[in-house]
Amino acid sequence: MIPRLKPDLGWRELRAALSSPGDGDVERFELAFAREMGQRHAIAFPYGRTGLMLLLETLGIQGREVICPAYTCTVVAHAIVHSGNEPVFVDCAEGSFNMDLDAAEDAINAGTGALVATSLFGFPVDLDRLDEIRRRHPRVNVIQDCAHSFAARWRERPVHPEGVAALFGLNASKLMTSIFGGMVTTDDDDLAARLRARAAERLRPATLGKSTRRLLYFLSLYPAFSRLVYGAVNRLERLGLLASFVRYYDEGEIDMPADHLEAMTAVEARVGRAQLRRYREIVAARRSRARRYDESARDLPGLDLPPLVEGATYSHYVPVTEQRADLLRRARRHGVQLGEVVEYTVPSMRAYRDRAGSTGTFPVSERYSRQVVNLPIHAGMTPAALERTVRVLRRCLRPAGSDTE
Ligand SMILES: *Cc1c(COP(=O)(O)O)cnc(C)c1O
C-alpha cells in the first residue's frame with residue numbers, strides 16, 4: 001500500500017527525541033526557526049491554533065470580525081472564535097485554492113480587526129494584490145497562515161514576512177513537524193515581546209505526562225508508517241475503527257484540544273530543530289515530485305492537475321476530479337491510498353452555518369471540497385512509487401466497467 005501521508009522522519013529526529021532533555025530546548029528551537037525563516041522572532045506554541053488565538057488577543061482584537069478563507073482548515077476559525085472574535089468567510093478565487101482577495105477587500109468594514117491570508121496547499125498568496133489591501137486598510141492586521149507554506153514565495157518574495165505576523169502548524173501531517181506544536185514569527189520587536197508575555201501568562205508549563213505522551217506518539221509514527229503496519233492500519237481505518245483517532249474536528253463543535261494551553265514540550269522542540277535542518281531539502285524534494293506528476297499525469301482524462309508554481313511548497317499535491325469517490329475506492333484496490341484533504345468548507349459546517357460570518361455563497365470552495373484529491377507526494381514517493389501511482393490513476397480513471405484487475 002502506498003500511503004497518502006508519511007512524515008519525513010529519519011534517525012536524526014529519532015536521536016533528537018531520545019536524547020536527554022536540556023534546558024532551553026524550546027528557546028533553541030525558536031531561535032533556529034526565526035533564523036531559518038529570516039525573521040527577528042519566532043515564538044513556540046503547543047498548536048498553531050493556540051498561536052493564532054493568543055496573537056489576536058495580543059493585538060487587542062476583541063469582538064471584531066476576522067476575515068479568513070471559507071476553504072481552509074477548520075481549526076483556524078475555531079481559534080478566531082475562541083479569541084472572542086467572529087470569522088467572516090470568503091470564497092476561493094475562481095481557479096485558485098486561495099481566498100479571493102477582491103472579495104476579501106469587499107468584506108472589510110469598520111469592525112474588521114484582521115485578515116488571515118492563507119497560502120493553501122503551499123500556493124503563495126498574491127502579494128501584489130495583498131499590498132494594495134494593506135496600503136488602503138492599514139488598520140487591518142494581516143496575518144499570514146503559513147501552515148502549508150513554510151517559506152513559499154510569490155514571484156521572488158517570501159510570503160511569511162508580509163503581515164504583522166505569520167502562523168505555522170507543526171503537527172505530523174505538515175511539511176515539517178515538531179510532533180505537535182506551532183510557531184508565530186514576526187519582525188516587530190514590540191509585538192514579539194507582548195506575545196511572549198501573554199504566552200507566559202496564558203500557557204501552563206508542559207507536564208511530564210504530556211512529554212511522555214508526545215514521545216510515545218512520536219515513536220509510534222515510525223512503525224505506523226512502515227509498509228506492513230500501514231496496511232493493517234488502513235484496514236482498520238476502512239472499518240471505521242480509527243475514525244475517532246484520526247478525525248481532528250467535530251462538525252458541530254467549535255472546540256480546542258484539552259491541552260491547547262499547555263506549552264510545547266522539550267521533546268517536540270528537539271524533533272522540530274532536527275527537522276528544521278532538513279526543511280529546505282524537504283520542500284525541494286516536493287517541488288521535484290510535483291514536476292514529475294505534472295509531466296507524467298498531465299494527459300490523464302478527468303483529472304485537472306494543480307498548477308506548477310515556482311515558489312509553491314506543495315504541502316499537498318491536489319488535482320481536481322468529478323470522480324473522486326470512485327477514484328479513491330478503485331485506487332485503494334490497486335494499492336494506492338489517495339486522500340481527501342479539506343473535504344469541507346468551514347461556513348457549511350454545522351457549528352458555523354448559522355453564524356453571522358457564514359452568510360453568502362461559497363461555490364468555488366464547495367466544488368473543491370467535493371473534488372480535490374490528495375496525491376501522495378511525501379518522502380516515501382520514490383520515482384518508482386510515483387510512476388506506479390500514475391499508472392494506477394490511468395487505470396482507475398477509465399469509465400466504470402473497463403476497470404479490470
Ligand atoms: C494545520 C493548520 C493550521 C494549524 O493547525 P494546528 O493543528 O493548530 O497546529 C493552521 N492553518 C492551516 C491551513 C492548517 O492546515
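In each ligand, atom 1 is the first atom listed, and ligand 1 is the first ligand listed. We use all heavy atoms of the structure for the numbers below, so side chains are in, but hydrogens, waters and symmetry mates are not. Computed from a predicted structure; not experimentally measured.
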Is Asp145 close to ligand 1, meaning an N/O of one under 3.5 Å from an N/O of the other? yes
Would you mind telling me which of Val372, Leu120, Asp304 makes a side chain to side chain contact (heavy atoms under 4.5 Å, CB included) with Val318? Val372
Straight-line distance of Ile143 CD1 to Thr118 OG1, nearest 0.5 Å: 10.0 Å
Using a plain distance cutoff, I'd like to know if Gly48 has any nitrogen or oxygen under 3.5 Å from a nitrogen or oxygen of ligand 1. yes
Hey, is the main chain of Thr313 close enough, under 3.5 Å, to the side chain of His148 for a donor-acceptor pair? no
Below the 3.5 angstrom mark, is there an N/O of Thr118, backbone or side chain, next to an N/O of ligand 1? no
Does Val267 reach the side chain of Phe218, with side-chain heavy atoms less than 4.5 Å apart? no
Within the structure, does Thr50 bring an N/O atom to less than 3.5 angstrom of an N/O atom in ligand 1? no
Give the atom numbers and elements of ligand 1 that come within less than 4.0 Å of a heavy atom of Thr72. 13 (C)
With no hydrogens and no angle check, do the side chains of Asn171 and Tyr47 hold a donor and an acceptor under 3.5 Å apart? no
Parallel, tilted or perpendicular: ring planes of Phe362 versus Phe89, cut at 30 and 60 degrees: perpendicular
Protein heavy-atom partner closest to atom 7 (O) of ligand 1 - residue, atom, separation in Å: Arg49 NH2, 2.8 Å
For atom 14 (C) of ligand 1, what's the nearest protein heavy-atom neighbour? Residue, atom name and distance, please. Lys174 NZ, 3.0 Å
Proximal ligand 1 atoms for His148, defined as those under 4.0 Å from one of its heavy atoms: 13 (C), 14 (C), 15 (O)
Nearest protein heavy-atom contact for atom 5 (O) of ligand 1: which residue, which atom, what distance? Val75 CG2, 3.7 Å
Proximity of Asn171 to ligand 1 by residue part, where a heavy atom lies under 4.0 Å: side chain
Name the one of Thr186, Asp188, Asp189 that satisfies side chain to side chain donor-acceptor pair (under 3.5 Å) with Arg40? Asp189
So if I count the atoms of ligand 1 from 1 in the order they appear, which ones are less than 4.0 Å from some heavy atom of Val76? 10 (C), 11 (N)
Show which atoms of ligand 1 fall inside a sub-4.0 Å distance from at least one heavy-atom site of Cys73. 12 (C), 13 (C), 14 (C), 15 (O)
Considering only the protein, which heavy-atom contact is closest to atom 3 (C) of ligand 1, and what is its distance? Ala147 CB, 3.6 Å
Heavy atoms of other groups near Glu251 CD, more than 12 under 6.0 Å: yes
Would you say the side chains of Asn98 and Ser96 form a donor-acceptor pair under 3.5 Å? no
